[in-house]
Amino acid sequence: MFGNKLREIRKQHHLTMDELANELNKKFNTKISKSMISRWETGQTDPSITNVKYLMKLFNVGYSYFIDDLTKTIPSNVEYLDNHNNHLVRIPILGDIACGTPILAEQNIEGYTTELFDEKPDGTLFALKCQGDSMEPKIPNGATVIVREQPTVEDDEIAAVLVDDNEEATLKRIKHIGDQVMLMPENQKYDPIILNKKNPGRILGKVIKVSYDL
């Protein structure tokens, strides 16, 4: 329960409700009261997505600290809508992608992440953990990337792509040149990858969100 987690971490930091409200107001120029903190902790009301983000930054924790318990029973790609109309979606994280199987086949999934959206996301979503620096600084190593499944993307959009017989998707910016597709890295120390008949590949989906810890 969110309120229990908030009470627990507040006490770990030796803060009263009044002191927590003052810290939030001072750091983020908010107007949070002691009574508002009390209502959050007792479950009478839920904080807005903005206030959850302030709490995360203040206590240096991720989304999962506050919301994992809430979302464990939510099926993948099913949203939970709180009373502030924030969309909370549990999304499967893909590991190796088994050849010839659907993207979200059980053997492709290595875990789940829960993401917050201001608006309801369209389509079927999956997540990838970025490995390497080919897309830095846009997408840093270790970032979680949310992808909407779709077979094509427009030029200059970032896509998750399977190249030839690889089982691990690569993230690259897309550029179409005739019958060829160029996979463009953001980091200039890497060369583009060219997809054609001799080096086939397929687009898994479009990157719609990137999240990472500072």
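In this text the structure is predicted, and so the values were computed from the model without any measurement.
- Considering every non-hydrogen atom in both Asn141 and Gly132, the closest pair reads OD1-N, 2.8 Å.
- The shortest distance between side-chain heavy atoms of His13 and Glu19 does not fall below 4.5 Å.
- Here Tyr190 pairs with nothing under the ring-ring contact (aromatic ring centres under 6.0 Å, His included) rule; sequence neighbours left out.
- Here CD of Gln131 is found 10.5 Å from OG1 of Thr170. Values are rounded to the nearest 0.5 Å.
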Step by step, would you call Asn187 with Met135 a side-chain contact (heavy atoms from CB on, under 4.5 Å)?
CA-CA 6 Å; Asn187 191 332; Met135 291 301 287; over 6 Å; no
Check against side-chain contact (heavy atoms from CB on, under 4.5 Å), Leu162 and Glu168:
CA-CA 7 Å; Leu162 273 184; Glu168 188 173 294; 6.0 Å; no
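- Contact of the Met36 side chain with the Lys31 side chain is not registered, since no non-hydrogen atoms from C-beta on lie closer than 4.5 Å.
- We find the OG-CG distance between Ser33 and Asp18 to be 9.5 Å, quoted to the nearest 0.5 Å.
- Shown here for Leu204 and Ala169, the closest heavy-atom pair between the two residues is CD1-CB, 3.8 Å.
- A salt bridge between Lys26 and Glu23 is present, with a side-chain N of the basic residue lying under 4.0 Å from a carboxylate O of the acidic one.
- Residues Ser38 and Lys34 form no side-chain contact, since every pair of their non-hydrogen atoms from C-beta on lies 4.5 Å or further apart.
- Annotation for Val163: hydrophobic cluster partners, listed by chain and number, are Val153, Val161, Ile174, Val181, Leu183, Ile193, Leu195, Ile203 (ILVMFWY side-chain heavy atoms under 4.5 Å, direct or chained).
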Show your working on side-chain contact (heavy atoms from CB on, under 4.5 Å) between Leu24 and Leu55 and close with a plain yes or no.
CA-CA 8 Å; Leu24 291 167; Leu55 289 165; 3.9 Å; yes
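- Here the CD-NZ distance, from Glu157 to Lys175, works out to 14.5 Å after rounding to the nearest 0.5 Å.
- Rounded to the nearest 0.5 Å, atoms CG (Asp156) and CZ (Arg173) are 6.0 Å apart.
- Considering CG of Asn25 and CG of Leu20, their distance stands at 9.0 Å, rounded to 0.5 Å.
- Annotation: side chain of Leu6 is in contact with side chain of Phe59 (closest heavy-atom distance under 4.5 Å).
- In this structure, Leu128 and Ile93 have side chains that are not in contact, with every pair of non-hydrogen atoms separated by 4.5 Å or more.
- Between Tyr54 and Phe28, the ring-plane angle classifies as parallel under the 30° and 60° cut-offs.
- Heavy-atom contacts from other residues, nucleotides or ligands closer than 6.0 Å to CD of Glu154 number 12 or fewer.
- We find the CE-CG distance between Met182 and Asn196 to be 10.5 Å, quoted to the nearest 0.5 Å.
- In this structure, Ser134 and Glu186 have side chains that are not in contact, with every pair of non-hydrogen atoms separated by 4.5 Å or more.
- In this structure, the side chains of Ile194 and Asn199 stay at 4.5 Å or more apart for every pair of heavy atoms.
- Ile158 and Met184 fall into different hydrophobic clusters, where Ile, Leu, Val, Met, Phe, Trp and Tyr side chains are chained together by heavy-atom contacts under 4.5 Å.
- Not one N or O on the side chain of Asp164 forms a donor-acceptor pair closer than 3.5 Å with the backbone of Pro200.
- Contacts classified as salt bridge (charged side-chain N to carboxylate O under 4.0 Å, His left out) and involving residues 121-148 (residues at least two apart or in different chains) are given here: Asp133-Lys189.
- Between the side chain of Lys209 and the backbone N or O of Leu116 there is at least one donor-acceptor pair closer than 3.5 Å.
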Determine whether Val207 and Leu171 satisfy the following criterion, side-chain contact (heavy atoms from CB on, under 4.5 Å), listing intermediate values before the conclusion.
CA-CA 8 Å; Val207 173; Leu171 301 169; 4.0 Å; yes
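- The shortest distance between side-chain heavy atoms of Thr113 and Ile146 falls below 4.5 Å.
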